[in-house]
Engineer: 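Can you read through this structure? Questions will come right after.
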Amino acid sequence: MKFLIIIPLIIISSFSKAQDSIVKLFSLPMEADFISTDILGNIYIIKGSELIKLNNKGQLCCSFSNRNYGAITSIDTRDPLRLLLFYKPFGIILYLDNKLAEQSKTELNDLNIYDPLLVCSSEIQGLWVYDNATSRLYRFNSQLQSINSSNDLRHDVSQNINPDLMSESDYWLVMRDKENLMVFDKMGNYYKSIRLNNALGGQLIHDDWLYCSNEKLFRLNLRSGVTTEVTLPFSTLNASIVLAPQRLIRFFDKMLEVYSL
């Protein structure tokens, strides 16, 4: 399991290279609602209820679709052997293997979560859920037993919240609420909020939150609070940017572009 820590460090160290070292490997015409990647460099294309998996060379591996639950709300690819698909209107989570075969289903109503807004994987095949009805975080283990829950987050941050993204790394759990990034420890205890001006997108890697702002890519270290620009040879305007080991994937104007770092 050590490679789960080492690989993100490889990604981060590659940012120190000059922009001239960023080389386009290939591009593919593609339509997508959003994209994701995993630690192996596989690419996931989500369009409505359909999920397509490409390998790190852009070759089609497999696909998945379940129209019973409508469009896929989010995907968590932290564990490439156990992908998490969330269907918010139904409060349903599907788990897929690395061939995109359905392995199991979780109905959050069965866990007494009646208004789930966000979900993400937790370590050792666990699960985080943010329940909009109670404004609390709930953590479950691999057996779907409740481990702990947070305080009412409206009290912690002294305002109403409406987060739209949640992710866990080896040290942190984060939720993005408009231009605020709420940071929690691995037990769901609120640590701090960080203001991100004009921020778009976001990806949690190890100690760093990567996001786009004013057509540029930035890296915020959650521990030190220091923000640095990641130099790119192109603008991030209207583009989705995701990172894999020694790879940068850019989705722009119905085109998927993969660069080496």
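Note that this is a predicted model, so its numbers are computed, not measured. Note: hydrogens, waters and symmetry copies are ignored here, and every other heavy atom, side chains too, is used.
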Engineer: Between Arg82 and Asp97 (salt bridge meaning N to carboxylate O under 4.0 Å), is one present in this structure?
Structural biologist: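 A salt bridge is absent here (no side-chain N lies under 4.0 Å from a carboxylate O).
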
Engineer: Kindly work out whether a path of hydrophobic side-chain contacts (I/L/V/M/F/W/Y, heavy atoms less than 4.5 Å apart) joins Tyr190 to Leu137.
Structural biologist: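 Shared cluster, yes.
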
Engineer: Could you tell me which non-hydrogen atom of Leu117 sits nearest to which non-hydrogen atom of Pro163, and how far apart they are?
Structural biologist: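 Shortest heavy-atom separation between Leu117 and Pro163 comes out as CD2-O, 3.3 Å.
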
Engineer: Would Arg154 and Ser135 count as a side chain to side chain donor-acceptor pair (under 3.5 Å) if you check the C-alpha gap in whole Å, the side-chain angles of each, and the deciding distance to 0.1 Å?
Structural biologist: CA-CA 7 Å; Arg154 293 169 296 187; Ser135 294; 3.2 Å; yes

Engineer: In the single-linkage hydrophobic clustering (I, L, V, M, F, W, Y; side-chain heavy atoms under 4.5 Å), do Phe86 and Phe34 co-cluster?
Structural biologist: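 They do not share one cluster, since no chain of ILVMFWY contacts under 4.5 Å joins Phe86 to Phe34.
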
Engineer: Using every non-hydrogen atom in the two residues, find where Leu222 and Tyr191 come nearest and quote the distance to one decimal.
Structural biologist: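 For Leu222 and Tyr191, the tightest heavy-atom pair comes out as O-CE2, 4.4 Å.
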
Engineer: Indicate the atoms forming the closest heavy-atom contact of Phe218 with Ser213, along with that distance.
Structural biologist: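 Heavy atoms of Phe218 and Ser213 come nearest at CE1-O, 3.4 Å.
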
Engineer: Counting the benzene-type ring for Trp, do Phe90 and Tyr69 have ring centres under 6.0 Å apart?
Structural biologist: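 Phe90 vs Tyr69: aromatic centres under 6.0 Å.
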
Engineer: Decide if atom CZ of Arg67 counts as having more than 12 heavy atoms of other residues, nucleotides or ligands within a radius under 6.0 Å.
Structural biologist: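 Count not over threshold, so no.
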
Engineer: What pair of heavy atoms forms the shortest contact from Leu54 to Cys61, and how long is it?
Structural biologist: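 Minimum heavy-atom contact is C-SG, 3.9 Å.
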
Engineer: Distance from Leu85 atom CG to Ile46 atom CD1, nearest 0.5 Å?
Structural biologist: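 The CG atom of Leu85 sits 8.0 Å away from the CD1 atom of Ile46.
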
Engineer: Evaluate Val119 against Leu127 for side chain to side chain contact (heavy atoms under 4.5 Å, CB included), listing each step before the verdict.
Structural biologist: CA-CA 7 Å; Val119 303; Leu127 175 69; 4.3 Å; yes

Engineer: Under the 3.5 angstrom rule, does the side chain of Ser240 hit a backbone N or O of Phe251 as a donor-acceptor pair?
Structural biologist: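 It does not hold such a pair.
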
Engineer: If you count every heavy atom of other residues, nucleotides or ligands that lies below 6.0 Å from Lys192 atom NZ, does the total exceed 12?
Structural biologist: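 Enclosed: over 12 neighbouring heavy atoms sit under 6.0 Å from NZ of Lys192.
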
Engineer: Under 3.5 Å, is there a donor on one side chain and an acceptor on the other for Asn112 and Tyr114?
Structural biologist: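 Asn112 vs Tyr114: donor-acceptor pair found between side chains.
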
Engineer: Evaluate side chain to side chain contact (heavy atoms under 4.5 Å, CB included) for Leu181 paired with Leu220, printing each intermediate quantity in order.
Structural biologist: CA-CA 10 Å; Leu181 189 69; Leu220 165 67; 4.3 Å; yes

Engineer: State whether a side-chain donor-acceptor pair under 3.5 Å links Trp128 with Glu168.
Structural biologist: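 Glu168 and Trp128 do have a side-chain donor-acceptor pair below 3.5 Å.
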
Engineer: Ignoring hydrogens and angles, write down the donor-acceptor pairs under 3.5 Å from the side chains of residues 253-261, residues two or more places apart or on other chains.
Structural biologist:
from: Glu257; atom 1: OE1; to: Arg250; atom 2: NH1; distance (Å): 2.9
from: Glu257; atom 1: OE1; to: Tyr259; atom 2: OH; distance (Å): 3.0

Engineer: What's the verdict on side chain to side chain contact (heavy atoms under 4.5 Å, CB included) for Leu111 and Tyr138, showing C-alpha distance, side-chain angles and the deciding distance?
Structural biologist: CA-CA 10 Å; Leu111 304 179; Tyr138 296 89; over 6 Å; no

Engineer: With side chain to side chain contact (heavy atoms under 4.5 Å, CB included) as the criterion, how do Ile161 and Met182 come out once you've worked through the C-alpha distance, each side chain's angles and the decisive distance to 0.1 Å?
Structural biologist: CA-CA 10 Å; Ile161 61 174; Met182 294 179 287; 4.0 Å; yes

Engineer: Side chains of Asn68 and Tyr87: is there a donor and an acceptor less than 3.5 Å apart?
Structural biologist: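 No, no side-chain donor-acceptor pair sits under 3.5 Å.
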
Engineer: Can you tell me how far CZ of Arg219 sits from CG of Asp208, rounded to the nearest 0.5 angstrom?
Structural biologist: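 So the gap between those two atoms works out to 5.5 Å.
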
Engineer: Let me check something: do Leu94 and Leu100 share a hydrophobic cluster, defined by ILVMFWY side-chain heavy atoms less than 4.5 Å apart, either directly or through other members?
Structural biologist: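 Yes; Leu100 is reachable from Leu94 via cluster members.
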
Engineer: Hey, does the side chain of Ser169 reach the backbone of His206 with a donor-acceptor pair shorter than 3.5 angstrom?
Structural biologist: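 Yes, Ser169 side chain to His206 backbone: donor-acceptor pair under 3.5 Å.
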
Engineer: Is there a donor in the side chain of Glu215 and an acceptor in the side chain of Ser235, or the other way round, less than 3.5 Å apart?
Structural biologist: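 Result is yes, a qualifying pair exists.
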
Engineer: Do the side chains of Leu232 and Lys216 get nearer than 4.5 Å, heavy atoms only?
Structural biologist: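 No - every pair of side-chain heavy atoms lies 4.5 Å or more apart.
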
Engineer: Examine distances only and state if a side-chain atom of Ser224 and a backbone atom of Val226 form a donor-acceptor pair shorter than 3.5 Å.
Structural biologist: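 Pair found, side chain donor or acceptor close to backbone of Val226.
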
Engineer: Can you check whether Thr37's main-chain N or O pairs, donor with acceptor, with Thr77's side chain at less than 3.5 Å?
Structural biologist: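 Yes.
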
Engineer: Would you mind listing every salt bridge (charged side-chain N to carboxylate O under 4.0 Å, His left out) that reaches into residues 121-136, with sequence neighbours excluded?
Structural biologist: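 Those involving residues 121-136 are Glu123-Arg139, Glu123-Lys186.
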
Engineer: Check whether any side-chain heavy atom of Met175 sits under 4.5 Å from a side-chain heavy atom of Leu118, and report yes or no.
Structural biologist: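 Contact flag for Met175/Leu118 side chains = yes.
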
Engineer: With the 4.5 Å side-chain cut-off for hydrophobic clustering, are Ile35 and Ile205 part of the same group?
Structural biologist: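 Result: no, two separate clusters.
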
Engineer: Cluster question for you: counting only ILVMFWY and a side-chain heavy-atom cut-off of under 4.5 Å, with indirect links fine, are Leu84 and Leu108 together?
Structural biologist: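 Yes, it is one cluster - the side chains of Leu84 and Leu108 are joined through contacts under 4.5 Å.
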
Engineer: Within the distance-only criterion (no hydrogens, no angle test), does the side chain of Asn98 pair as donor or acceptor with the backbone N or O of Pro80 below 3.5 angstrom?
Structural biologist: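 Side chain of Asn98 to backbone of Pro80, a donor-acceptor pair under 3.5 Å: no, none is there.
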
Engineer: Say you draw a straight line from OG1 of Thr227 to CG of Asn197; how long is it, rounded to the nearest 0.5 Å?
Structural biologist: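 So the OG1 of Thr227 and the CG of Asn197 are separated by 10.0 Å.
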
Engineer: Can you tell me how far the CG atom of Asn66 sits from the NZ atom of Lys105, to the nearest 0.5 Å?
Structural biologist: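 Going from the CG atom of Asn66 to the NZ atom of Lys105 covers 8.5 Å.
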
Engineer: Above 12 or not: heavy atoms from other molecules or residues under 6.0 Å from CD of Gln143?
Structural biologist: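 Counting other residues, nucleotides and ligands, CD of Gln143 stays at 12 neighbours or fewer.
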
Engineer: If we ignore hydrogens and angles and just use 3.5 Å, is the side chain of Asn151 paired with the main-chain N or O of Leu153 as donor and acceptor?
Structural biologist: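 Pair absent, no side-chain N/O of Asn151 close to backbone of Leu153.
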
Engineer: For Asn180, is there any backbone N or O sitting under 3.5 Å from a side-chain donor or acceptor partner on Asp177?
Structural biologist: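 Absent.
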
Engineer: State the NZ-NZ distance between Lys53 and Lys99, to the nearest 0.5 angstrom.
Structural biologist: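 If we round to the nearest 0.5 Å, Lys53:NZ and Lys99:NZ are 6.5 Å apart.
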
Engineer: Give a yes-or-no answer on whether the side chains of Asp207 and Trp172 include a donor-acceptor pair shorter than 3.5 Å.
Structural biologist: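 The criterion, which ignores hydrogens and geometry beyond distance, is satisfied for Trp172 and Asp207.
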
Engineer: With Tyr44 as reference, evaluate Ile52, Leu83, Ile249 under the side-chain contact (heavy atoms from CB on, under 4.5 Å) test and give the passing residue.
Structural biologist: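 The passing option is Leu83.
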
Engineer: Between Gln203 (side chain only) and Leu243 (backbone N and O only), is there a donor and an acceptor less than 3.5 Å apart?
Structural biologist: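 Yes, the answer is positive, given that a donor and an acceptor are paired below the 3.5 Å cut-off.
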
